> 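Pasting in a structure now, in structure tokens, and then I'll have a few things to ask.
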Amino acid sequence: MEFKSLKFPKEFIFGASTAAYQIEGGAYEDGKGLSIWDTFCKQPGRILNGDTGDEACDFYHRYKDDIKIMKEMGLDSFRFSISWPRVFPEGTGKVNQKGLDFYNSLVDELRAASIEPYLTLNHWDMPQSLQDQGGWLNKDTAKHFADYSRFMCENLSDRVKFWTTHNEPHCVASAGHVAGIFAPGHKDIKEGLQVTHNLNLAHGLAVQAMRQSGSAGNKYGIVLAVFPYYPATASIHDHRAAQRWDGYFSRCFLDPIFKGSYPEDMVEYFGDKFPEVTEQELSVISEPIDMLGINCYFRRIIENDPKNAFIGGREFKPRDAAYTQMDWPIYPECLFEVLSMLDKDYDIPELYIIENGAAFHDEVSPDGKVHDARRTRYLHAHIEQAKRAVEQGINLKGYFVWSFLDNFEWALGYSRRFGIVYVDYPTQKRIVKDSGKWYSELLRYNQSLR
Ligand SMILES: OC[C@H]1NNC[C@@H](O)[C@@H]1O
């Protein structure tokens, strides 16, 4: 496929993203402690088809072969997360040496393959033992997270330069503590707001801790899911509902981190449910960071819905849009619009798209290949929007596709495939999909211009 319209600056990096609980497996192996997702998956009815991350893609054992595929594909970078309980089975205290050995080996293999590791410390799999002490509701967890982050930085930052604290903290707060569809499965608005603040605090403490102990030249940041929000109609009620969603899901993280304060409209809207916040805490949360990772898959169209006690709105699904298997509307401009908003409203040194991709129903054809043309079209259209942002002078430094492998999609189990590499779970066989081959050609084209 012609790539001239997808020519990026020489220093722009292309990668692929994953997360520990979704790909590693080895959930009870080599001294790893329980995570809240290990226990959540065992609760009847929580996960579609009763799926778990017990084995997932068996990346814990197959990572060397997977890195060979990454190298053949030409990935510049691979984003992964650390399973906190694999290194600290109890969340604090005693280190599980075999867990640390795994991540040391993973990083060594990536570097040997000339693939830049891009690391996330919390992609939702909180140690169960800390959850038993209140989890993110307990501010002590923020301190434990900073200690864990410092430890990982001391051990890996000679080979890992990119460090992000949380992935999509809004999911932990809202899906995990308000909607109850993610671990730990709580349903309490006040809890969800307190967790929002405690996650922000943990982020700031971790950045401070890593900056004290990590190598010079490290880049520290966070990965946030940020979407463009649209009102479903011109009514003021829908406009206000869209603003509330943008306020909670985006600005309750962006504003304290980059502006040192929570959005006033959110503090006002949530009233006495909003947590107590001190100036000292805001000072920690707004510890300067070097980069912001953005996960953006689609735009969110919101209509007012007073029955939604949390935030007073619901998503509107226009009939004339095309949708992915996640029932997400396909709207490639979402990347350009989000990047433009961030560039205009915040002072962010570097931006990376850390997750963008699509779930579609995939099958292995009789020729043994996976002809996923819709995913290739999705990636092409969205990467074009990333290029548009770069051409407008927005400081976008990289694009990572979600995901390298088909993997465990949380409450939907293995029913959704996002990978550019197909995983036949019964055999763990990998098949590079047509979209993976296309992505590889795109990378090779850009690398040929460096
Ligand atoms: O839903 C697709 C992805 N979205 N961001 C977080 C990841 O863990 C999800 O699999």
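Please read all numbers here as calculations on a predicted model, not as lab measurements. Counting starts at 1 for both ligands and their atoms, in listed order. We use all heavy atoms of the structure for the numbers below, so side chains are in, but hydrogens, waters and symmetry mates are not.
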> Is the shortest distance from a heavy atom of Tyr21 to ligand 1 less than 4.0 Å?
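In this structure, Tyr21 fails to qualify as a contact of ligand 1 - no heavy atom is under 4.0 Å.
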> Give yes or no for whether the N/O distance cutoff of 3.5 Å, strictly under, is met between Trp124 and ligand 1.
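No, no N or O pair falls under 3.5 Å.
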> Looking only at N/O atoms, are Glu355 and ligand 1 under 3.5 Å apart anywhere?
yes
> Compute the centroid of each ring, for Phe162 and then for Tyr220, and state whether the two points are separated by less than 6.0 Å.
no
> Looking at Tyr399, Tyr297, Trp402, which hits side chain to side chain donor-acceptor pair (under 3.5 Å) with Asn356?
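It is Tyr399; the other options fail the test.
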> For ligand 1, which atoms have a heavy atom of Glu409 less than 4.0 angstrom away?
1 (O), 2 (C), 9 (C), 10 (O)
> Between Glu191 and His186, is there a side-chain donor-acceptor contact under 3.5 Å, judged purely by atom types and distance?
yes
> How far is atom 3 (C) of ligand 1 from the closest protein heavy atom, and which atom is that?
Tyr297 OH, 3.4 Å
> Which ligand 1 atoms, with their elements, are less than 4.0 angstrom from a heavy-atom of Glu168?
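Taking each heavy atom of Glu168 in turn, ligand 1 has 4 (N), 5 (N), 6 (C) under 4.0 Å.
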> At less than 4.0 angstrom from any non-hydrogen atom of His123, what atoms of ligand 1 do you find?
6 (C), 7 (C), 8 (O)
> Under 4.0 Å between a side-chain nitrogen and a carboxylate oxygen: does that hold for Arg251 and Asp265?
yes
> What verdict does the salt bridge (Lys or Arg N to Asp or Glu O under 4.0 Å) test give for Glu24 and Arg86, after you've listed the backbone C-alpha separation in whole Å, the side-chain angles of each residue and the deciding distance to 0.1 Å?
CA-CA 11 Å; Glu24 284 184 3; Arg86 192 178 294 285; 2.9 Å; yes
> Under 6.0 Å from the six-membered ring centre of Tyr229 and within 45° of its axis: does the NZ or CZ of Arg299 meet both?
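So Arg299 doesn't make the cation-pi contact.
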> Name the one of Arg211, Lys219, Lys161 that satisfies salt bridge (Lys or Arg N to Asp or Glu O under 4.0 Å) with Asp290?
Arg211
> For the 3.5 Å polar cut-off, considering only N or O atoms, please tell me whether Asn407 and ligand 1 meet it.
no
> Is the closest N or O pair between Asn167 and ligand 1 shorter than 3.5 Å?
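No; the residue has no nitrogen or oxygen that sits under 3.5 Å from a nitrogen or oxygen of the ligand.
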